[in-house]
There are 2 protein chains.
Amino acid sequence: MTSHIEQLCIEKGLKMTDQRRVVARVLSEANDHPDVEQVHIRAMRIDPNISIATVYRSLRLLEEASIIERLDFGDGRSRYEEACERHHHHLIDIQTGEVIEFINDEIEELKRKIAHDLNYRLIGHRLELYGIKRRTDKDE
Amino acid sequence: MTSHIEQLCIEKGLKMTDQRRVVARVLSEANDHPDVEQVHIRAMRIDPNISIATVYRSLRLLEEASIIERLDFGDGRSRYEEACERHHHHLIDIQTGEVIEFINDEIEELKRKIAHDLNYRLIGHRLELYGIKRRTDKDE
DNA sequence: GTGAGGATGCAAATCATTCTCAAGTGTCAG
DNA sequence: CTGACACTTGAGAATGATTTGCATCCTCAC
Ligand SMILES: [Mn+2]
Ligand SMILES: [Mn+2]
Ligand SMILES: [Zn+2]
Ligand SMILES: [Zn+2]
């Protein structure tokens with residue numbers, strides 16, 4: 001009954017309301033990267049009265065608690081996903097909008113090294129790739 | 001008298017107006033990554049009547065002609081820089097807002113390889129690092 | 001069970017950016 | 001020179017995502 005994200009909220013001592021439970025559940029059940037409007041639509045299927053303002057507020061709360069992550073694919077809308085899994089980045093298919101996740105330790109190490117060489121400690125980073133599907137026969 | 005960017009505009013056959021010349025000059029003379037408001041302020045020092053709408057329009061024109069590049073440091077405002085130099089990325093000092101440019105061929109190659117392995121052709125990518133200055137004695 | 005502090009819904013406000021439109025400018029034919 | 005056509009500009013209105021003010025409602029530690 002309690003979603004994974006709701007569980008994390010409880011552990012962090014966040015006050016839980018019906019609306020927050022709904023948003024938590026929507027994001028727990030999502031396996032894509034919904035924007036705020038999509039979260040709102042899915043939330044309204046559970047509670048038709050939930051307002052978009054509350055969705056915004058709940059998402060911000062969850063993000064500030066590091067329970068979810070905000071993503072920015074450059075289209076002017078914030079997208080969200082559960083933060084618990086392994087750190088990864090996204091390849092966005094610019095033709096279909098499809099999002100492919102990838103993990104690459106080499107690139108993570110390289111980024112840390114670049115920052116270090118510039119005499120900085122790396123706090124955060126953004127990386128997205130944008131591409132189009134490749135015909136398997138031809139390369140590059 | 002004609003700025004470097006104005007020269008590029010002429011070569012591309014863009015119709016030049018006084019206002020476009022001013023925006024071109026502001027960006028040619030900039031050695032930072034100004035946002036639209038900053039470009040407008042600098043432009044008004046040359047032509048006090050230039051409107052923000054024209055600055056937006058000129059920046060879009062220059063960007064579409066690949067003469068300048070739009071940057072997004074995650075603060076909700078577009079920033080711009082001349083595009084002619086070598087492809088590079090940015091490390092943003094989250095305490096001071098200072099921007100450090102860096103070039104890293106290894107990371108570029110790695111990104112292409114990641115996309116290729118996912119069966120995609122890489123069209124574009126975003127990469128920014130966010131960090132804080134490191135005391136030179138202690139590491140990591 | 002109660003109360004104080006926090007949360008909600010709604011509408012209005014922000015903020016960056018784009019658009020509308022009337023007026024201005026440049027280029028060229030006649 | 002004159003008019004026509006195409007394009008540009010400034011001002012302000014419009015847009016779209018997000019935040020906020022406010023009156024009301026709910027949660028949770030006591
Ligand atoms: Mn993801
Ligand atoms: Mn730069
Ligand atoms: Zn990473
Ligand atoms: Zn690059």
Test item: side-chain donor near acceptor, A:H88 and A:E108, under 3.5 Å: no

Phosphate OP1/OP2 of D:dT19: any A:Y56 side-chain N/O under 4.0 Å: no

Presence of A:Q19 side-chain N/O under 4.0 Å of D:dC26 phosphate oxygens OP1/OP2: no

Given D:dA17, C:dT8, D:dT27, the nucleotide with the shortest approach to the side chain of A:K15: D:dT27

Phosphate contact (C:dT25 OP1 or OP2) by B:T17 side-chain N/O below 4.0 Å: no

Taking every non-hydrogen atom, the tightest pair across B:C9 and B:L62: SG-CD2, 3.3 Å

Earlier contact from the 5' end, DNA chain D, for A:D75 and B:V55: B:V55

Sequence neighbours left out, cut at 3.5 Å: what donor-acceptor pairs do the side chains of residues 69-80 of chain B make with other protein atoms?
unit_1, atom_1, unit_2, atom_2, d
B:R70, NH2, B:E63, OE1, 3.2
B:D72, OD1, B:G74, N, 2.8
B:D72, OD2, B:R126, NH1, 3.0
B:D75, OD1, B:R77, N, 3.3
B:D75, OD2, B:R77, NH2, 3.1
B:D75, OD2, B:R79, NH2, 3.0
B:R77, NH1, B:D35, OD2, 2.8
B:R79, NH1, B:H33, O, 3.1

Pair A:R42 + A:E29, salt bridge at N-O below 4.0 Å: no

Closest non-hydrogen atom pair, B:R20 against B:K15: NH1-O, 2.8 Å

Nucleotide C:dG26, atom P - distance to CE of B:M16 in whole Å: 14 Å

Between C:dT14 (C1') and B:R77 (CZ): distance, integer Å: 14 Å

Between P of D:dA17 and CD1 of A:I41, the distance in whole Å: 12 Å

Greater than 12 external heavy atoms within 6.0 Å of B:E106's CD: no

Where do N or O atoms of nucleotides 19-24 of chain C meet protein N or O atoms at under 3.5 Å, pair by pair?
unit_1, atom_1, unit_2, atom_2, d
C:dT20, O4, B:R57, NH1, 3.3

Flag, side chain of A:S28 to backbone of A:I5, donor-acceptor distance under 3.5 Å: yes

d(CG, B:D18; P, D:dT9) in whole Å: 9 Å

Contact residues, residues 20-36 of chain B to DNA chain D [heavy atom, < 4.0 Å]: B:R20

Sugar-phosphate, base or nothing in reach of B:I50, heavy atoms under 4.0 Å: sugar-phosphate

Atom-to-atom span, NZ of A:K12 to P of D:dC28 - whole angstrom: 18 Å

A:E37 CD: over 12 foreign heavy atoms closer than 6.0 Å: no

Nearest-angstrom distance from the residue atom CG of A:L59 to P of C:dA7: 15 Å

Euclidean distance, atom CD1 of residue A:I52 to atom P of C:dA7 [Å, nearest integer]: 19 Å

Residue A:S78, side-chain heavy atoms: nucleotide from D:dT18, D:dC28, C:dT17 that is nearest: D:dT18

Lys/Arg-Asp/Glu bridge criterion (N-O < 4.0 Å) met for A:R112, A:D117: no

Parallel, tilted or perpendicular: rings of B:H89 and B:H125 (30°, 60°): tilted

Value in whole Å for how far the P atom of D:dC26 lies from CG of A:N49: 12 Å

